[in-house]
Amino acid sequence: MKYASTRNPEIQVTFKEAVFRGLAPDGGLYHPVSVPDLRGLIESFSGSHSIAGIGAKLTAAFFGPEISEEAAEGICRRAFTFEPALVSLPGAGNIGILELFHGPSCAFKDFGASFLAAVMEEFLKQEASRAVILTATSGDTGSAVARAFHKRANINVVILYPSGRVSPLQEKQLTTLGDNISALEVKGSFDDCQRMVKEAFLDRDLNERLRLTSANSINLGRLIPQAFYYVYGWTRLSAADRKAGPVFCVPSGNFGNLTAGVLAWQWGLPARRFIAATNINKVVPEYLTGGAYSPRPSVQTLSNAMDVGDPSNFERLQAIFEKSRDKMSKLIEGVFITDRETRDTMHSVYAETGMFLDPHTALGVCAAKRYMASRQAKAAGLDGAPCISLSTAHPGKFIEVVEEATGKKPPLPQSLARVLDLRKESTVVESTGAELKKFLYEKFADQ
Ligand SMILES: *Cc1c(COP(=O)(O)O)cnc(C)c1O
């Protein structure tokens, strides 16, 4: 399989190149140039396959021969040390929730980050070379990357975060790992952190002496593994529902998660439809219902990991559907949900079932219920069809919001509670490119 820029099909690269480059040189995103038919393989999976088992087979089928069967197994065994879980939502018809928050940072981004880390480790070992991952974070995404790369061979990670502007829990997640993870506490804003990282990638001298790379969410190595849990969710349905094919509801911001589901559908997963659930940053639902695609600055909401006004993966969706709104809207329904509805859903689901939902998951559940009961769903023959709504984060990551909506404090997951007792270790730096460069040379120059 080869991968090409979404902006120019002529620029084709291997998976390894796509992984270490992140973004294509023309600013486009790397995307597979063809669609493999994996229906037979997908239909061979049963409810007893683990995510690592499903992932290994799909990795070998999709990335072979660049990644051998044996390497694929090693990568998935190291990456997926946690499982998703499909749980039913009492009183909501045939809607189930696919919990994707059982990984180290308690959010679905652990699947992509862990797979990318294991893949990079594999490629670097094969070449006996080393790399430094540079990443700027405003708080949340950095922790999935940090945990995923912790103790990976041949890789060092440097995380830049704005001093005093991340929550105490987030700071602990970034600064207590040690080993190959360094936290730089920047005296400045998140924008300063991003600018410093950008400058470093453009610095000739630095890039000659160190192999710098990123672990952005647009990286193909983070996107593809997210397709695996759609297949996993489908294997957990009853035989009749598997045959009928589910509707997937995906709380979306940058649309990486949803794009991965559409890839699984292209490979042959019998998904009936996808619901693109957003908050009031609703540029994609607007487009799907006939409006123009008009990216704009994002608005702050309760589901803040989805506050995206110009979703980067829309370019990949456009590539898949050949820029045809008709084709896209045959498979994807856009639904947007307000903060008030999100809060009401957290409240009512807790009151009716005792289940805590984080705001992103609650938004998805609200959209799933609305769409499945709609006239469009009936017209499309989806009456009573199974629906799998993706749960993207553990409610304990958003304690204040969840407590305000439900009146009860959700439990903090163990893996997060543990870091609160660990000692913070960070290096404080001024917000200049020169400071970052100095740090990188002093720390890694002799490698
Ligand atoms: C990142 C994130 C999302 C949005 O996922 P995209 O792939 O960007 O659409 C949703 N929920 C949570 C909790 C997230 O962290």
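Start at 1 and go down the list; that is how both ligands and their atoms are numbered.
Between Phe228 and the choices Trp234, Phe115, Phe111, the ring-ring contact (aromatic ring centres under 6.0 Å, His included) rule is met once, by Phe115.
Shown in contact with Gly253 at under 4.0 Å from a heavy atom are these atoms of ligand 1, numbered in order with element: 4 (C), 6 (P), 8 (O), 9 (O). Taking every heavy atom of Lys109 and a limit of under 4.0 angstrom, the matching atoms of ligand 1 come to 1 (C), 2 (C), 3 (C), 14 (C), 15 (O). Numbered from 1 in the order shown, with element, the atoms of ligand 1 that lie under 4.0 Å from a heavy atom of Ala393 read 13 (C). Near Gly256, with a cut-off below 4.0 Å to any heavy atom, the atoms of ligand 1 are 6 (P), 7 (O), 9 (O). Listed by number with element, the atoms of ligand 1 under 4.0 Å from a non-hydrogen atom of Met306 are 3 (C), 4 (C), 10 (C).
Between Glu43 and Arg242 there is no salt bridge, since no side-chain N of the basic residue sits under 4.0 Å from a carboxylate O of the acidic one. Using a 4.0 Å cut-off between charged nitrogen and carboxylate oxygen, Lys408 and Glu403 do not count as a salt-bridge pair. Contact check on Glu66 versus Lys16 returns no salt bridge, with no Lys/Arg side-chain nitrogen under 4.0 Å from an Asp/Glu carboxylate oxygen. Salt bridge absent: Arg370 and Glu333 never bring a charged side-chain N and a carboxylate O closer than 4.0 Å.
At least one N/O-N/O distance between Phe255 and ligand 1 falls below 3.5 Å. Checking only distances, Asn257 does come within under 3.5 Å of ligand 1, N or O to N or O. The shortest N or O to N or O distance between His360 and ligand 1 is not below 3.5 Å.
Side chain of His394 to main chain of Cys106: no donor-acceptor pair is present (N/O by atom type, distance under 3.5 Å, no hydrogens or angles).
Comparing Asn279, Val250, Leu100, Asn254 against atom 6 (P) of ligand 1, the shortest heavy-atom distance belongs to Asn254.
Atom 12 (C) of ligand 1 has Thr392 OG1, 3.5 Å as its closest protein atom, hydrogens excluded (heavy atom only). Counting protein heavy atoms only, atom 3 (C) of ligand 1 is closest to Phe108 CE2, 3.6 Å.
Ring-plane geometry between Phe248 and Phe274 is classed as parallel, the angle between the planes falling under 30 degrees on a 0 to 90 degree scale with a further cut at 60.
Annotation: Phe15 is not in aromatic contact with Tyr30 [ring centroid separation under 6.0 Å not met].
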